[in-house]
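The structure displayed is predicted, hence computed values, not measured ones. Protein chains get the first letters and strands the later ones, always in sequence-line order, with residue 1 at the start of each.
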Amino acid sequence: MIAEAPLLVAEGLGKTYGRQLGCRDVSLALHEGEVLAVVGESGSGKSTLLHLLSAQLEPSVGRVLYRTRDGALRDLGEMTTAERKFLARTDWGFVHQDAAAGLRMAVSAGANVGERLMAVGARHYGRIRGAALDWLARVEIDPGRIDDAPRTFSGGMRQRLQIARNLVTKPRLVFMDEPTGGLDVSVQARLLDLLRGLVRELRLAAVVVTHDLAVARLLSHRMIVMKDGEVIEEGLTDQVLDDPREPYTQLLVSSVLPA
Amino acid sequence: MNAPAYNFAYLDEQTKRMIRRAILKGIAIPGYQVPFASREMPMPYGWGTGGVQVTAAILGPGDTLKVIDQGADDTTNAVSIRQLFAKTAGVCTTTHTAEATVIQTRHRIPETKLGEDQVLVYQVPIPEPLRFLEPRETETRQMHAHADYGLMHVKLYEDIARHGHISTSYAYPVKVDGRYVMDPSPTPKFDNPKMNDCAALQLFGAGREKRIYAIPPHTTVVSLDFEDHPFEASRTQASCELCGADDSYLDEVITDDRGGRMFVCSDTDYCEARREARP
């Protein structure tokens with residue numbers, strides 16, 4: 001199923017904040033329809049990596065390449081800011097851990113979903129609203145809430161709304177930063193279920209940063225384990241989780257409390 | 001001492017040159033907000049300090065000045081500004097739109113069609129059309145730079161979702177020359193179509209916010225809208241009770257405390273001219 005040319009390529013990526021190390025020498029390739037989990041403890045550099053991959057941070061060394069819809073593999077660092085912004089609101093999605101950071105809390109759910117459509121030129125109110133209703137239904141939000149502000153939504157609903165807002169322009173690649181963090185377990189389970197369905201249905205590629213190994217197991221095909229800014233282990237998710245090689249990964253896997 | 005206390009048109013020449021440079025830049029990039037070093041003026045912010053500075057910078061001894069406030073020539077603000085320039089620049093003043101070469105305005109565009117030998121100077125309180133959607137100036141400047149205007153339509157979407165139609169009735173956002181989204185200052189949206197392809201030069205001055213922007217003559221100015229909710233230049237469905245005009249923008253005047261009211265032209269010059277022309 002996986003196409004031959006990768007969608008996103010990182011080459012020798014590194015980021016330092018002054019003398020502080022963010023991450024070092026990360027190389028990876030992500031193919032269309034593939035979900036990559038990035039796991040590691042707090043401060044291991046996974047968020048830095050996610051921001052580098054999504055061009056929200058500039059790398060200190062190395063580069064990130066992205067295959068645009070015309071098939072060309074392009075260096076994100078050499079694109080203009082306008083081109084990167086355009087990618088970010090058409091081809092990409094970014095799901096924040098804190099839904100408030102990814103939503104406009106004061107405008108209605110419908111406008112939140114419609115914003116990306118309007119940003120790329122949709123100018124027909126009826127069709128924008130139709131798309132918003134369709135997406136609210138797909139993420140299991142009562143369409144009757146379309147004119148309510150996300151302020152009035154529960155944590156789980158906000159997160160689902162954020163996902164709808166990101167997927168409405170049919171992106172090819174979604175970055176997720178702890179998408180289920182801070183939600184209670186039953187809500188987490190439903191959200192994961194939803195994400196898994198959408199990723200498969202839309203053949204989305206995704207990079208999911210998480211400290212929760214269960215999330216990685218449920219969502220991802222491959223995973224990388226980070227420690228102190230470096231990738232210490234990578235492989236197929238089941239392989240890494242069932243048979244970890246590195247002592248640190250073994251520790252991580254064995255630290256999960258049995259349910 | 002009888003030496004004149006003020007320079008011609010109140011502002012000193014260096015300041016006027018600085019403002020003219022900002023104006024020229026504004027004309028070169030239609031709709032773009034040019035920062036300028038706004039001065040303290042002998043009036044409070046919100047009374048037209050930006051407009052006054054622009055007027056002072058472009059005024060010459062041969063000009064004829066008209067000042068209107070909400071369409072009227074006879075309000076305190078309009079009278080004071082007209083007197084300021086009559087005194088400090090010695091220019092002729094008028095209330096007749098057709099006679100004026102420079103018209104400073106607050107919140108209206110005259111009903112009489114403007115010509116190419118005229119300049120319309122707007123007083124602008126908040127020049128940033130995205131301000132109430134995105135409070136950070138650093139962000140809005142980037143959004144303008146990248147023509148990232150999805151947010152502007154979010155506001156119009158919200159209007160329709162809430163009220164069934166675009167309820168924004170003044171300061172209605174426009175796109176200038178197909179590029180910059182601009183706040184036309186709090187003019188009623190009834191006036192928006194007059195900005196399009198206008199023969200006169202339109203200058204905008206925001207004193208407190210320190211911004212100048214411009215629409216050169218005959219520039220395309222489009223009011224933002226949706227295909228299925230097109231822009232409409234609305235006005236009260238009534239005729240002026242003084243001159244009978246049914247095509248002008250009307251003010252509602254409360255005449256007593258028992259609910260009495262009348263509708264009259266907001267443009268006093270237009271109304272007077274129509275009444276004089278009547279047999």
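Note: B:Ile160 leads B:Asp148, B:Ile160, B:Asp225 in heavy-atom pairs under 4.5 Å with chain A. Most heavy-atom pairs under 4.5 Å with chain B, from the set A:Gly121, A:Ser108, A:Gly114: that is A:Ser108. Most heavy-atom pairs under 4.5 Å with chain A: of the set B:Ala147, B:Ala145, B:Ala161, this distinction falls to B:Ala161. When each of B:Phe226, B:Tyr149, B:Tyr157 is checked for heavy-atom pairs under 4.5 Å with chain A, B:Tyr157 comes out on top. Put simply, of B:His229, B:His153, B:Arg162, B:His146, the one with the most heavy-atom pairs under 4.5 Å next to chain A is B:His153.
Screening A:Thr48, A:Leu28, A:Val26 against A:Leu13 for a side-chain contact (heavy atoms from CB on, under 4.5 Å) leaves a single residue, A:Val26.
When only modelled atom types and interatomic distance are considered, A:Ser54 and A:Gln56 share a side-chain donor-acceptor pair under 3.5 Å. For A:Arg116 and A:Thr169, the side-chain atoms include at least one donor-acceptor pair closer than 3.5 Å. Under 3.5 Å, the side chains of B:Asp247 and B:Tyr270 contain a donor-acceptor pair of N or O atoms.
Environment of CZ in A:Arg24: sparse, with no more than 12 heavy atoms of neighbouring residues, nucleotides or ligands closer than 6.0 Å.
Only the side chain of A:Ile146 comes within contact range of chain B, with at least one heavy atom under 4.5 Å from a heavy atom of that chain.
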